[in-house]
A.B. asks: 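There's a structure below that I have some questions on.
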Protein chains: 2
Amino acid sequence: MKTLSERQKLILALVIRDYIDTAQPVGSQHLVEHYNLDVSSATVRNELVALTNMGYLRQPHTSAGRVPTEDGYRYFVRQLMGHTELPDTTKHTIAHQFYQAGHDVDRWMRLAASVLAHQSQAAALVTAPRAEQARFKHLELIATHGRQVLMVLVLSGGEVRQQMLVLAEPVSQDRLSAAANHLNTAFQGMDLNSISAYTGQLDALEQDIIKLAIEDMQHPGDILGGEVYRDGISQVLAEPEFAEVDVARKALRILEERSLLEDLLSRTVLTTSVGGVQVLIGGEGTWEELRDCSMVLARYGAPGIVTGTVGVLGPIRMAYGRSISTVRFVAGLLSDLVVDMHAE
Amino acid sequence: MKTLSERQKLILALVIRDYIDTAQPVGSQHLVEHYNLDVSSATVRNELVALTNMGYLRQPHTSAGRVPTEDGYRYFVRQLMGHTELPDTTKHTIAHQFYQAGHDVDRWMRLAASVLAHQSQAAALVTAPRAEQARFKHLELIATHGRQVLMVLVLSGGEVRQQMLVLAEPVSQDRLSAAANHLNTAFQGMDLNSISAYTGQLDALEQDIIKLAIEDMQHPGDILGGEVYRDGISQVLAEPEFAEVDVARKALRILEERSLLEDLLSRTVLTTSVGGVQVLIGGEGTWEELRDCSMVLARYGAPGIVTGTVGVLGPIRMAYGRSISTVRFVAGLLSDLVVDMHAE
DNA sequence: TTTAGCACTCTCATATCGAGAGTGCTAATT
DNA sequence: AATTAGCACTCTCGATATGAGAGTGCTAAA
C-alpha cells in the first residue's frame, strides 16, 4: 500500500468531510469551488482516480461524484481527522448536569445517553456500571411471606443486587437477621474466591444463602449490567441512509437484542482498556447487522473493579469527530463519578 | 347513528379482517369470491356505499377497494370482534416460562415484553411494578466512603430503592446500623402518613434519613417504575405502514421518550381499573404521535398496592384480537405473580 | 330488493425523453 | 513530469405520456 501525497490526503479529507455534511457524492468541480484549492478540477480528478484505485473512494455510478468507502473512513479516522475535543463550555455544561444529578446512578445513565445522543446526533447506548471481580460488602435478608425471602446484596462500588429466594422451610426474621449478621462480619470486603474457600464453617441456611450470593456475584455471561439505556433512536432514523426501512430495522436490532449487543460488546470494547475509544466502521466484516452502520464505543469506570460501556450508533457516514470526542468525554466523566462513588 | 343490518355487520367485519391480513384495499368482487357470500358483487357494493357513508370505511382513491376508517376499527373492536382468548396450550407454555423464571422481577418483565411482542406481532411495552401507597418494610444503611452512605430501602411488594446520601459529617457503620435498626423496628410495616406523624422522637441523623426515605416512597410524579421494558420494535417496523420513515419515527418516539409515555399512560390506562384492557386507535384525536398507531394497554398488579402497565403498539391496522387477548393474558399472569410476591 | 351491464375514474408500471452532472481521456501547456 | 483545457461519453433523475387493470357508481331490468 503506497502512502498518500499531502495533496491526496487533503482531498480525501475534504471529500469525506463534505460527504458527511451533505450526504451527496462529491465532484471535482465542487471541491475546487468550495475549498479554494489552487489547482484545476482536472488535477483534482486525477487525484480522485488515484484515491479510487487505492480503495478509499468509490463512485455510486459512472457519472456521479465520489463517496468514501469504508476503508476511506477508516483511513480518515486513523490518519486524517486529528484529535478533536468538545468545546470547554459544552464540557462544563454537561459536567454540571451530572453533578446536579447527585449520586443517582440511574439518572447518570439516562443523562449520559441523552448527552451522547444530542451531542453526536446518533443513537446512544449506555450500560450500567458493573462490578468485575466483585467484592462482598453487605447482605441483607428480609422475610416476606412464608418461605420467601428477599436477599439484597451490596457489592463494592455500590452495586446492589436483589433476588427472591424460596427456602426449604419457613425461617423467622430474627433467624435471618442473625444469619445475615454472621455472614456480614465473616465476609466483609472479601472477594469471590476468598468467600468460596470459607463456606465450610457455616450452617445449612447460611451455606444456602452464600451459595446464591456467590452465584449472583459471578453474574455468569451477563456482560451488560442490569439495564441498557438508549436514547436518540428516533432521531437517528432521520438520517437519509435509514430511509430504507430494512436498513433501519437492522440497525435497531443491534440496539434492541441483548444477545446481539452482548456478543458485540464482548468482542470489541471489552477487550480494550478503559479510556480508549473504539470505532467500528460498517461491521468490519464481522457483524452482518452492522453492515450499514458505525459505532463508537468506550468503556468507563475503574479497570478491573467496576466498568460499563458507552457508545453511539449511526450511519457509516457519521460525524466521527463529534462522536469520538463526545464518547471520550462522557466515558471520562462517568469514570470519575463511578470511581469516586466506588472509593471507600 | 343508524344501527347496522346483520349483513352490513358481516361485510364490515370481513373487510376489516381481510384488510388486517393483507394490508390491501378490499373490493366487492374479492369479498364474494373469497367468503362465499350468496349475493352478487353489486349488492355488496351497495352495502359498501352505506358503510362508507356511515364513516366506517373509506376509499384511498376513486377506484380502489375499501379500507377501514378509525371509526370502523373502533366499531369492530367494540361490537363485532367478540371475545378471543389465547389457545390453552399457548397459555400453558407461557405460564410455564414465567414460573421457571423464579422470583426474578427483572426476568419477568423481559419475558413479558418478549411474549407480548411475539404473540401480538407488535412492539411491546412493560413497566416494572410500582408500589402505590408504599409501606415501609426495611431500611439498610451502608457506609461507603467518608460522608457517603448508601441507603437501601425495601418497600412492601419487594420493591427496592437505593440512594446515595452525603451526610453533614462522617458517621461510623456501627452508628448507622444502630440507626437503621431503630428505624426498622419503629416503622415496620407503616405507611407514609403514619411515619411522617412520628418523626419527632428521632435524633437528628435518623430524622435526616427518614426524611429522604419518605421522599423516596412518594416517588413524585414518576408514573413509570424505574425501568421501561420494550421488545419487538425492529420487528414491528416491518409492517408496511412504517415503510415511510417519518411514520416509524413518530411511533418510536412514543416508546422512547419517557415524558410522552408518562403523559400517555397517566391519561389512559392509569385511569382504568386493573384487569380492563384499553384500546387506543389512531391517537383518538388527542395524541399527535399516535396518529398512525394503535395501542392496547392494561394495568396489572394489586389495585392500590402495586401496579404496572403492559401494552403493545402497532399500526392502526393491527390484529386487535390477538393483541387484546395477549395483553389481557399477560397482565393477568403478572398480576398473579406480583400479588403472590407481595403477599406477606 | 337484487343484479347484470357498462361507462368512468384513478393508480400503477413502463417507456421515452432531455437536461444536467461529472467523469475519463487526450492533447496542449507550463 | 505535472498540470490543465477541452470534449465526448455515460448515467441519473425528473417530467411526460401511455395503456392495462381494478373497482367503482349508476341505470335499468329481473
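The sequence lines fix the lettering, A, B, ..., with proteins before strands; numbering per chain opens at 1.
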A.B. asks: Would you please name every residue forming a salt bridge (Lys or Arg N to Asp or Glu O under 4.0 Å) with Asp18(A), sequence neighbours left out?
C.D. replies: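 If we apply the salt bridge (Lys or Arg N to Asp or Glu O under 4.0 Å) test to Asp18(A), skipping adjacent residues, there are no hits.
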A.B. asks: Yes or no on salt bridge (Lys or Arg N to Asp or Glu O under 4.0 Å) for Arg17(A) and Asp21(A), after CA distance, side-chain angles and deciding distance?
C.D. replies: CA-CA 6 Å; Arg17(A) 290 223 173 79; Asp21(A) 266 10; over 6 Å; no
A.B. asks: Does the pair Glu256(A)/Arg230(A) count as a salt bridge with the N-to-O cut at 4.0 Å?
C.D. replies: no
A.B. asks: Taking CG from Asn53(B) and P from dT24(D), how many angstroms apart are they, rounded to a whole number?
C.D. replies: 14 Å
A.B. asks: Do Met295(B) and Gln278(B) have side-chain heavy atoms sitting under 4.5 Å apart?
C.D. replies: no
A.B. asks: Got a sec? Which of residues 61-70 of chain B come in under 4.0 Å of DNA chain C, heavy atoms?
C.D. replies: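 Output list: His61(B), Thr62(B), Ser63(B).
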A.B. asks: Tyr320(B) vs Tyr73(B) aromatic rings, parallel, tilted or perpendicular, using cut-offs 30° and 60°?
C.D. replies: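 Tyr320(B) and Tyr73(B): tilted rings.
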A.B. asks: Separation of Arg7(A) atom CZ from dA1(D) atom P, in whole Å?
C.D. replies: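 Atom-to-atom, Arg7(A) to dA1(D), this comes out as 16 Å.
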A.B. asks: For the pair Tyr56(A) and Tyr75(A), name the ring-plane relationship: parallel under 30°, tilted 30 to 60°, perpendicular over 60°.
C.D. replies: tilted
A.B. asks: Give me the one residue out of Glu47(A), Arg45(A), Arg66(A) that meets side chain to side chain donor-acceptor pair (under 3.5 Å) with Ser28(A).
C.D. replies: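 When side chain to side chain donor-acceptor pair (under 3.5 Å) is applied between Ser28(A) and each of Glu47(A), Arg45(A), Arg66(A), only Arg45(A) qualifies.
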A.B. asks: Where along residues 31-49 of chain A does a heavy atom fall under 4.0 Å from DNA chain D?
C.D. replies: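 Listed by number, they are Val39(A), Ser40(A), Ala42(A), Thr43(A), Arg45(A), Asn46(A).
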A.B. asks: Given side chains that start at C-beta, do those of Tyr19(B) and Val67(B) come closer than 4.5 Å, heavy atoms only?
C.D. replies: yes
A.B. asks: Starting at atom NE2 of His30(B), determine the distance to atom P of dA22(D), rounded to an integer number of angstrom.
C.D. replies: 13 Å
A.B. asks: Would you please confirm or rule out a distance under 4.0 Å between OP1 or OP2 of dA22(D) and any side-chain N or O of Gln24(B)?
C.D. replies: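 Indeed not, no polar side-chain atom of Gln24(B) lies that close.
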A.B. asks: Does Gln59(B) put a side-chain nitrogen or oxygen below 4.0 Å from OP1 or OP2 of dG25(D)?
C.D. replies: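 For dG25(D), OP1 or OP2 has a side-chain N or O of Gln59(B) closer than 4.0 Å.
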A.B. asks: Looking at every strand, decide which applies to Gln29(B) at a 4.0 Å heavy-atom threshold: base, sugar-phosphate, or nothing.
C.D. replies: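 No contact at all - Gln29(B) keeps every heavy atom at 4.0 Å or more from the nucleic acid.
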A.B. asks: Expressed in angstrom and rounded to an integer, what is the separation of Ile11(A) atom CD1 from dT23(C) atom P?
C.D. replies: 11 Å
